[in-house]
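Atom set for the values below is all heavy atoms of this structure, side chains included, hydrogens, waters and symmetry mates excluded. Every chain is numbered from 1 and lettered A, B, ... according to where its sequence line falls, protein lines coming before strand lines.
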2 protein chains.
Amino acid sequence: MRLTTKGRYAVTAMVDLALNSTGGRIALAEIAARHDISQSYLEQLFAALRRSGLVDGTRGPGGGYQLGRAGAEISVADVIDAVDESVDATRCGGKRNCRGDQGCLTHDLWESLSSQIRQFLSSVSLETVVKQHRAGTAPQVLHKWLKTVVSPLNSGVL
Amino acid sequence: MRLTTKGRYAVTAMVDLALNSTGGRIALAEIAARHDISQSYLEQLFAALRRSGLVDGTRGPGGGYQLGRAGAEISVADVIDAVDESVDATRCGGKRNCRGDQGCLTHDLWESLSSQIRQFLSSVSLETVVKQHRAGTAPQVLHKWLKTVVSPLNSGVL
DNA sequence: TAATTCTTGACTAAATTACTGGGGAAATGA
DNA sequence: TCATTTCCCCAGTAATTTAGTCAAGAATTA
């Protein structure tokens, strides 16, 4: 799970789509203009999103993109995965023998951490983000929530 | 908050330091060999870690690096921030006028999401990672924990 | 048919990552 | 003092990724 500006572009565009989708379709040119992103670059990202079934494109006048399924069914992790191509990143290709015993031990550590992040992002849907935005106060709620949730982690429960 | 392989190198090295630190110092060459990373590259990362006070280097024979403070006091987010130089990433430099009204609205969305990830990573200390690794079963515990915690998010509480 | 919009592919510039190499400076031990 | 070990700092560079351009074409609507 990587978290780059590329993924951010994709998430932004998808949230835009979720935010402005009142049943109709939205042209890429619109999204590109709204966020001042190169349209051709967005096209590349949407090609990947399309291949993953996250969006649905229709051509011709009045055409555009739609969410491939309900916003509640699309997680932020889905979007990031679609454009990021997860480049293996393990350096030893999953084999547990990169260097001595301990080499891949720390691999495991990283992957465990990384999978926690993934699970977290998988739990946040586009709808959640939209709702959170509309609510306004939500970030504080989340902040509180995280605080209560996170303390057992550092207090030696594990 | 970006999450690249660069940050992963740094976290791996720091966890190695936390794992093998029995009071003494550890030479960079050791860490480099253990994880098969270019030593000079690690030197660059450690220069950044040093500037942030996360590690403490001593020269001469028997020298090496030490954690700058207790492993419980160093979060994964600290490590990533130290090497990542957080390149602004807002594209409009904080100003709320990049394009019309809605441009920076979605900015807010992203930044809120990004800050949630940051808070999550801030809650995980090196000690936590080490403990989790030693426990072995911990990842499953975490998985369960996340599941109970995450459901209110998607069930319309917000 | 003409306009619109997605779709695809090739190509390029800029930035970042990962790495190399060299020349020190401080500490230690002989 | 001198050699060795280690951090420390800087300059450069190849590979990769990001971000963007350009052009041709397919499907749809009016």
Side-chain angles (χ1 to χ4, degrees), chain A residues 1-13 17 24-33 35-68 80 82-92 98, chain B residues 1-13 17 24-33 35-68 80 82-91:
Chain A
M1 171 67 56
R2 293 185 308 154
L3 205 58
T4 66
T5 54
K6 192 177 177 181
R8 187 177 128 243
Y9 280 137
V11 172
T12 301
L17 218 52
R25 296 172 179 88
I26 299 180
L28 211 55
E30 249 184 87
I31 302 180
H35 304 101
D36 196 28
I37 306 174
S38 145
Q39 178 171 342
S40 294
Y41 187 45
L42 264 190
E43 270 169 7
Q44 285 174 39
L45 301 185
F46 270 76
L49 293 171
R50 212 182 79 86
R51 276 193 293 275
S52 300
L54 297 181
V55 296
D56 214 37
T58 48
R59 302 191 240 201
Y65 284 100
Q66 255 178 328
L67 293 184
I80 291 175
V83 298
D84 253 2
E85 323 262 334
S86 79
V87 268
D88 180 31
T90 48
R91 194 187 191 85
C92 62
C98 29
Chain B
M1 172 68 52
R2 292 185 307 155
L3 205 58
T4 67
T5 54
K6 193 178 179 182
R8 188 178 128 244
Y9 281 136
V11 172
T12 301
L17 219 51
R25 296 173 181 87
I26 300 181
L28 212 53
E30 250 185 85
I31 303 180
H35 303 102
D36 196 28
I37 307 174
S38 145
Q39 178 171 343
S40 295
Y41 188 45
L42 263 191
E43 270 171 4
Q44 285 173 38
L45 301 185
F46 270 76
L49 293 171
R50 213 181 78 85
R51 276 191 293 274
S52 301
L54 297 180
V55 295
D56 215 35
T58 48
R59 302 190 239 200
Y65 283 101
Q66 256 179 327
L67 292 184
I80 291 176
V83 298
D84 253 3
E85 323 262 334
S86 79
V87 268
D88 179 33
T90 48
R91 196 188 188 84

- Between A/L17 and A/Q66, which heavy-atom pair has the shortest distance, and what is it? CD2-C, 4.1 Å
- Contacts of B/Q44 and B/L28 projected onto DNA chain D by closest heavy atom; the upstream (5') one is B/L28
- Message: When you measure from the side-chain N and O atoms of B/S38 to the phosphate of C/dT20, is any distance below 4.0 Å, counting only OP1 and OP2?
- Response: yes
- Query: Given atom CZ of B/R51 and atom P of D/dC8, what is their separation to the nearest angstrom?
  - Reply: 11 Å
- Would you mind reading off the distance between B/L42 atom CG and C/dG21 atom P, rounded to a whole angstrom? 16 Å
- Separation of atom CZ in B/F46 from atom P in C/dC19, rounded to whole Å: 15 Å
- Item | Spacing between A/E30 atom CD and C/dC6 atom P, to the nearest angstrom | 9 Å
- Message: On a heavy-atom basis, which atom in A/A10 and which in A/V83 lie closest, and how many Å separate them?
- Response: CB-CG1, 3.8 Å
- Message: Under 4.0 Å from OP1 or OP2 of D/dA19: is there any side-chain N or O of A/Y41 that close?
- Response: yes
- Message: What's the closest nucleotide to the side chain of B/A27 if the choices are D/dT6, C/dA18, C/dC6?
- Response: D/dT6
- Task: Name the nucleic acid region contacted by A/Y65, choosing base, sugar-phosphate or nothing; use a 4.0 angstrom heavy-atom cut-off, strictly under.
- Result: sugar-phosphate
- Is there side-chain contact between A/D56 and A/L67, with at least one heavy-atom pair below 4.5 Å? no
- Select from B/P61 and B/S40 the residue whose nearest nucleotide in DNA chain C is closer to the 5' end of that strand. B/S40
- Message: Quick check: any donor-acceptor pair below 3.5 Å linking the side-chain of B/E43 to the base of D/dC9?
- Response: yes
- Message: Measure CZ/A/R25 against C1'/C/dT5 and give the value in whole Å, please.
- Response: 12 Å
- Message: Just N and O in the side chain of A/Y9: are any of them under 4.0 Å from OP1 or OP2 of D/dT17?
- Response: no
- Do B/Y65 and B/L54 touch side chain to side chain, with heavy atoms closer than 4.5 Å? no
- Any idea how A/Y9 and A/Y41 line up, ring-wise: parallel (<30°), tilted (30 to 60°), or perpendicular (>60°)? perpendicular
- Task: On DNA chain D, check which nucleotide each of A/K6 and B/G64 is closest to and give me the residue with the more 5' one.
- Result: B/G64
- Interatomic distance where CZ belongs to B/R59 and P belongs to C/dG24 [whole Å]: 14 Å
- Task: Measure the distance from CG on A/L17 to C1' on C/dC6 and round it to the nearest whole Å.
- Result: 14 Å
- How close or far is atom P of D/dC9 from atom CG of B/L45, stated in whole angstroms? 14 Å
- Under 4.0 angstrom between A/T5 side-chain N/O and D/dA19 OP1 or OP2: yes
- Query: So, is A/T4 near the phosphate of D/dT18, with a side-chain N or O under 4.0 Å from OP1 or OP2?
  - Reply: yes
